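Below you'll find the structure, written out as structure tokens, and then a few comments.
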Amino acid sequence: MAAVAKVSWSVINGVRRGLWRYNTILWSLNSRTLCSSLEEQPNFPGSRSKWTEKLDFVQPDLYDGIPVYRVMDRKGNIIDPAYDPKLGEEMVVRMYHRMTLLNTMDRIMYESQRQGRISFYMTNYGEEGTHIGSAAALDEKDLVYGQYREAGVLMWRGFPLDQFMNQCYGNEGDGGKGRQMPVHYGSLAHNFVTISSPLATQMPQAVGSAYAYKRAQNGQCVICYFGEGTSSEGDAHAAFNFSATLECPVIFFCRNNGYAISTPTSEQYRGDGVAARGPAYGMATIRVDGNDVFAVYNVTKAARHITITENRPVLIEAMTYRIGHHSTSDDSSAYRSVDEVRHWDSTQHPIARLRAYMVSQGWWDDTKEKQWKDDCKRQVMQAFARAERRQKPCWKEMFTDVYDKMPDHIKEQYEYMQAHVQEYEDHYPVKNFAKESH
Amino acid sequence: TEEEGICEAMLLALPLLKRVLKPTVAPSLCNVFTSRYSSHFSYFPDTVPESMGETQRLNLFQSINNALDTALATDNTAVVFGEDVGFGGVFRCTIGLQDKYGKDRVFNTPLCEQGIAGFAIGVAVSGATAIAELQFADYIFPAFDQIVNEAAKYRYRSGNLFDCGNLTFRAPCGAVGHGALYHSQSPEAYFAHTPGLKVVVPRGPIKAKGLLLSCIRDQNPCIFLEPKVLYRSAVEMVPTKDYTLPLSSADILVEGEDITMVAWGTQVHVLREVAELARQQLNVACEVIDLVSILPWDKETVFNSVKKTGRILIAHEAPITNGFGAEIAAVVQSECFLHLEAPVQRVCGFDTPFPHIFEPFYLPDKWRCLSAVKKLLNY
């Protein structure tokens with residue numbers, strides 16, 4: 001046995017040595033051609049580029065910056081009819097309805113915080129186009145991971161006004177059971193993952209879900225919304241890199257609205273925005289006018305197609321402007337001029353441009369506008385009144401869902417608190433909370 | 001394997017080498033040579049009853065490999081990923097799995113712990129089973145935000161609409177003889193402070209396989225910390241079948257009426273030797289408890305023991321201040337105050353980063369534990 005092994009081993013070695021000699025002969029025979037083709041490209045495992053003898057740094061201003069794709073001009077006229085998505089009256093009117101309903105809800109909810117009815121709120125002023133344009137281009141079963149300024153996506157998918165308000169009021173109708181601050185929406189039925197306050201954490205999670213979808217072969221993609229400020233977080237880098245190396249069907253949708261609370265983009269990054277990073281990670285990338293709802297629709301539709309058919313990520317940077325304050329805890333006049341805000345509130349506004357298009361198509365007029373405005377307000381006010389009246393959830397819900405089943409140590413803490421509240425009932429707002437959970 | 005064989009041979013030959021070298025080589029050199037390979041504990045293997053069926057001789061990394069193999073075989077959605085897991089992992093825990101289950105199920109990720117953790121959460125949120133490896137527990141900190149702020153709170157904050165219950169993190173932890181600051185840490189206390197997580201530490205191959213399968217199948221995000229020094233040195237006859245072990249249940253390994261001793265992971269074996277020394281030298285019977293789960297932890301087993309003995313020693317490698325021993329001590333004195341005959345003793349790592357050359361002085365070794373036993377007896 002050993003003898004056979006010895007013989008076969010020496011045969012193999014002999015063949016190896018022979019092959020090596022053959023190779024070196026080949027080399028010297030074709031040395032000029034072989035050597036020159038070998039010298040043509042560097043053969044490092046880490047790079048696939050060319051040689052150069054010129055000492056030239058690639059400067060950040062090498063090129064003009066990735067251009068901004070648009071379909072409409074600033075006034076809402078289609079520039080090249082070939083790119084009008086021709087969505088038809090019903091779809092376009094629905095888009096307009098949802099954008100304006102969102103806007104109306106924002107105004108009323110912002111006011112309600114000012115009046116002390118809810119504790120906190122964030123508006124979406126100026127960014128309605130990014131929400132509706134992208135949401136309309138997706139399939140309703142595509143999974144959405146948001147940051148916090150994407151309420152229009154939920155609005156498009158049919159999340160009821162009541163549910164928005166219930167979450168803000170933290171009442172017993174809130175699907176989140178009153179655990180989070182306002183605007184931290186979530187809906188399993190609408191495939192919208194619950195919002196969390198830490199920024200960018202949703203980004204690598206979106207990649208993981210996309211990977212699971214790819215394995216499940218369910219034909220869905222994942223979209224991940226985030227702001228330009230959030231793109232500075234390490235999780236953003238992690239997400240971009242993982243999505244490309246693991247080949248995940250995920251759309252990264254950056255809302256570049258010019259500010260991260262008070263920090264303008266000039267203090268957030270020095271390169272060509274977020275889009276320039278995409279190709280660096282190996283992602284197909286596009287920059288778009290976020291206030292042009294048709295352009296947003298077109299790029300999202302095209303991006304979705306790439307992710308689904310090629311199982312690779314796409315980065316969309318939607319340029320827009322945050323017309324409102326960061327939140328009810330912010331007064332943006334402290335760091336930007338009222339004139340600047342007024343400019344964006346009047347020109348290039350996504351809602352105004354869409355209305356102009358609708359009017360030019362003969363689908364909208366002043367009468368319809370007034371009618372819808374009143375209808376909108378009425379819907380929102382009624383939902384508002386309903387939400388305000390409702391009780392908070394039973395306070396036992398403070399102790400549930402930490403784990404799938406309540407462990408003993410948490411049960412003991414609940415029992416302790418139950419006895420304590422019974423003894424000191426006058427000092428706790430018990431009457432605002434439901435008696436027993438459903 | 002060949003490599004293993006050489007290692008084993010070296011370890012076996014060590015005492016012989018020592019005797020041969022001593023007269024010829026300077027004693028200090030000899031000690032340095034031998035002390036690099038000697039450990040501060042003796043391994044006490046577990047056995048299983050015959051009802052567990054057929055067994056095979058496995059060390060810790062092999063039993064973990066076996067558990068992962070079982071998880072991948074029984075759950076089509078399960079995926080295993082992390083840095084270098086493809087070729088088998090730096091501790092060989094994932095060896096052979098990529099060949100068997102394919103690159104889409106067992107794969108390398110880029111070098112980014114926060115990405116690994118976030119990605120793992122996303123996989124689990126979509127309903128697939130995510131088993132993520134952090135190469136060393138010392139490098140879990142970039143993932144801390146994802147684990148603490150996201151994974152632990154997913155179910156609670158969404159009102160149970162979403163969760164990442166199908167998520168398990170695995171990481172090698174603990175002293176290994178030469179690991180120093182960044183290859184020796186035991187970070188269990190940081191995670192024990194986060195409601196929503198489960199934290200588990202096995203003491204050997206039999207426990208590891210059952211506990212890891214339980215973690216993987218448990219519907220809560222779990223952190224499974226594997227004492228790396230046990231990967232090779234802990235060898236047991238591990239049941240070949242698919243089995244799980246209860247997560248929040250402590251094990252009484254040695255029964256005794258005089259002293260309660262609590263630890264987890266490698267330290268359990270240190271305490272078992274201390275129990276024997278205490279019996280021989282001091283004629284006391286120590287009750288040795290492996291806590292098994294740090295969160296949620298089995299208070300009842302510890303209380304019952306303390307109410308019996310009146311004296312408790314808690315030992316862990318992690319630094320003493322705010323280590324998990326502090327939580328046990330606080331709850332024990334709160335619940336068993338009138339039963340205590342002496343203050344709660346903790347023997348732990350010191351409040352320094354984990355040192356390299358000073359490791360023999362740093363560890364809560366059997367002599368420090370024995371000294372604490374005497375303190376408890378003589379109070």
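Quantities reported herein were computed from a predicted structural model and do not represent experimental measurements. Letters go in sequence order (proteins before strands), and every chain restarts at 1.
Side-chain contact check for B:Tyr154 and A:Gln205: at least one donor-acceptor pair (N or O, by modelled atom type) lies under 3.5 Å. No hydrogens or angles considered: nothing links the side chains of B:Thr301 and B:Asn304 as a donor-acceptor pair under 3.5 Å. The closest side-chain donor-acceptor pair between A:Asn432 and A:Gln391, if any, does not fall under 3.5 angstrom. There is no side-chain donor-acceptor pair under 3.5 Å between A:Tyr121 and A:Ser327. If you check the side chains of B:Asn166 and B:Thr129, you find no donor sitting under 3.5 Å from an acceptor.
Between B:Phe169 and the options B:Leu225, B:Val199, B:Leu197, B:Leu134, a side chain to side chain contact (heavy atoms under 4.5 Å, CB included) holds for only B:Leu134.
Between B:Arg170 and B:Glu133, at least one side-chain nitrogen of the basic residue sits less than 4.0 Å from a carboxylate oxygen of the acidic one, meeting the salt-bridge criterion.
Interface remark: of the candidates A:Thr400, A:Asp235, A:Val222, A:Leu246, A:Asp235 forms the most heavy-atom pairs closer than 4.5 Å to chain B. Ranked by heavy-atom pairs under 4.5 Å with chain A, the list B:Cys164, B:Ser126, B:Ala120 is led by B:Ser126. The greatest number of non-hydrogen atom pairs below 4.5 Å with chain B, out of A:Cys248, A:Gly176, A:Ala238, is found for A:Gly176. No other option in B:Lys198, B:Lys103, B:Arg105 has as many heavy-atom pairs under 4.5 Å with chain A as B:Arg105. Between chain A and the options B:Ala124, B:Ala152, B:Ser158, the largest number of non-hydrogen pairs under 4.5 Å is found for B:Ser158.
The six-membered or imidazole ring of A:Phe192 lies away from that of A:Tyr185, with a centre-to-centre distance of 6.0 Å or more.
If you measure heavy-atom distances from A:Tyr211 to chain B, the contacts under 4.5 Å come from the side chain alone. A:Met398 touches chain B through backbone and side chain together, each having a heavy atom under 4.5 Å away. Contacts between B:Ser248 and chain A at a heavy-atom distance below 4.5 Å are absent for every atom of the residue. Neither the backbone nor the side chain of A:Ser197 comes within contact range of chain B; no heavy atom of the residue lies under 4.5 Å from a heavy atom of that chain. Only the side chain of B:Asp145 comes within less than 4.5 Å of a heavy atom of chain A; its backbone N, CA, C and O stay farther away. Only the side chain of A:Leu143 comes within contact range of chain B, with at least one heavy atom under 4.5 Å from a heavy atom of that chain. For A:Thr201, the parts lying under 4.5 angstrom from a heavy atom of chain B are both the backbone and the side chain.
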